[in-house]
Number of protein chains: 2
Amino acid sequence: MSNRRSNPDFLNGVPELLILQLLSTRAMYGYQIVQAIRLSTKGRLEFGEGCVYPILHRLEADGYITGQRETVAGRNRVVYRVTASGARRLQDQVSAWQMVVGAVENVLQGATHVEPGLA
Amino acid sequence: MSNRRSNPDFLNGVPELLILQLLSTRAMYGYQIVQAIRLSTKGRLEFGEGCVYPILHRLEADGYITGQRETVAGRNRVVYRVTASGARRLQDQVSAWQMVVGAVENVLQGATHVEPGLA
DNA sequence: GCTTATACCTCGAAGTTAGAGGCATGACAA
DNA sequence: TTGTCATGCCTCTAACTTCGAGGTATAAGC
């Protein structure tokens with residue numbers, strides 16, 4: 001889990017962020033999350049089941065979400081909800097993400113004004 | 001190179017983006033890039049040499065940058081410049097990055113208005 | 001009976017990243 | 001002179017994330 005790096009752990013991890021965010025809005029099950037990400041990003045982002053399910057299992061193992069089996073119309077589902085710990089995790093991930101976005105923006109906007117005193 | 005995915009290839013790839021961007025501003029050498037990223041992101045992002053050098057080699061192998069050996073004050077350096085192909089690559093990566101940022105923002109701002117018609 | 005949509009899952013390949021380490025020079029101090 | 005620091009290059013490996021392919025099963029519609 002997580003990383004031992006100094007960097008925000010967020011140069012990947014986007015799927016986890018989106019999943020946590022969606023679940024914080026309302027309880028959802030895996031298959032639904034797959035569709036929701038595609039729809040709510042207007043197809044710009046798409047994570048398959050092979051990506052989403054393992055993340056859900058990891059998040060549950062880490063105590064960030066809890067799963068509850070349901071049967072609706074002959075369909076078995078595992079409905080997930082964020083825990084208190086998961087809500088904190090989401091907050092952390094969101095600020096980490098925004099920090100990365102800000103840092104990248106700095107470089108892209110040529111904030112190279114701060115030049116290293118080399119050469 | 002690149003990926004065979006449908007997703008923008010950009011949930012990682014931030015180091016490459018920053019390196020290309022910095023090099024498009026002016027010619028730089030590896031060690032300098034390491035410092036420049038740390039400085040221009042105000043220490044928020046930091047990629048070590050073990051990360052930067054392999055990327056430089058890959059970018060050069062792909063024809064996105066060219067390296068030129070120099071010796072300054074007994075120091076050996078390899079100064080890199082972006083090629084025309086590298087400039088296009090940078091443009092692509094920048095728009096991919098902005099697309100991802102936009103998509104994530106959508107989800108974070110609860111643009112879940114577009115709900116999947118499931119359940 | 002076939003296909004499609006729903007719904008869960010695992011496996012394995014492929015890719016990125018980062019730390020640890022190695023090499024060599026020049027400068028500066030003890 | 002001997003150390004240490006900053007410079008400058010490099011590789012290797014471990015760890016991680018992601019994703020396609022594949023497997024199972026039910027219900028609905030043709």
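Letters A, B, ... are given to chains in the order of the sequence lines, protein chains preceding strands, and every chain is numbered from 1.
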Show the nearest heavy-atom pair for residues [X] and [Y], with the distance to one decimal.
| X | Y | value |
| --- | --- | --- |
| Y53(B) | Y31(B) | OH-N, 3.4 Å |
| L18(A) | F47(A) | CD1-CE1, 4.0 Å |
| L45(A) | A103(B) | CD2-CB, 3.8 Å |
| L20(A) | R89(A) | CD1-CG, 3.5 Å |
| G30(A) | L56(A) | CA-CD1, 3.7 Å |

Query - R75(A) vs dT6(C): side-chain N/O to OP1/OP2 distance below 4.0 Å - result: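 So the side chain of R75(A) is outside the cut-off, no N or O lying under 4.0 Å from OP1 or OP2 of dT6(C).
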Query raised in the report: Does Y31(B) place a side-chain N or O at less than 4.0 Å from the phosphate oxygens OP1/OP2 of dC9(D)?
Result: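 So the side chain of Y31(B) is outside the cut-off, no N or O lying under 4.0 Å from OP1 or OP2 of dC9(D).
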Query raised in the report: For the side chain of Y29(A), counting heavy atoms from C-beta on, which of dA18(C), dT16(C), dC8(C) is nearest?
Result: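 Of dA18(C), dT16(C), dC8(C), dC8(C) is nearest to the side chain of Y29(A).
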Value in whole Å for how far the [atom2] atom of [N] lies from [atom1] of [X]:
| X | N | atom1 | atom2 | result |
| --- | --- | --- | --- | --- |
| L59(A) | dT18(D) | CG | P | 11 Å |
| Q35(A) | dT4(C) | CD | P | 16 Å |
| E70(B) | dG8(D) | CD | P | 11 Å |
| I55(B) | dC9(D) | CD1 | P | 15 Å |
| R77(B) | dA6(D) | CZ | P | 17 Å |
| L18(A) | dT17(D) | CG | C1' | 14 Å |
| E46(A) | dC19(D) | CD | P | 10 Å |
| R58(A) | dT18(D) | CZ | C1' | 11 Å |

Requested in this report: Could you pull out all residues at least two apart from R88(A) that satisfy side chain to side chain contact (heavy atoms under 4.5 Å, CB included)?
Outcome: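 Listed in chain order: A84(A), S85(A).
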For nucleotides 9-13 of chain C, print each protein N/O atom paired with a nucleotide N/O atom at under 3.5 Å, atom names and distance only.
unit_1  : atom_1 : unit_2 : atom_2 : d
dC9(C)  : OP1    : H57(A) : NE2    : 3.4
dC9(C)  : OP2    : H57(A) : NE2    : 3.2
dT10(C) : OP2    : H57(A) : ND1    : 3.4

Query raised in the report: Charged N to carboxylate O below 4.0 Å: is that the case for R75(A) and E70(A)?
Result: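 No.
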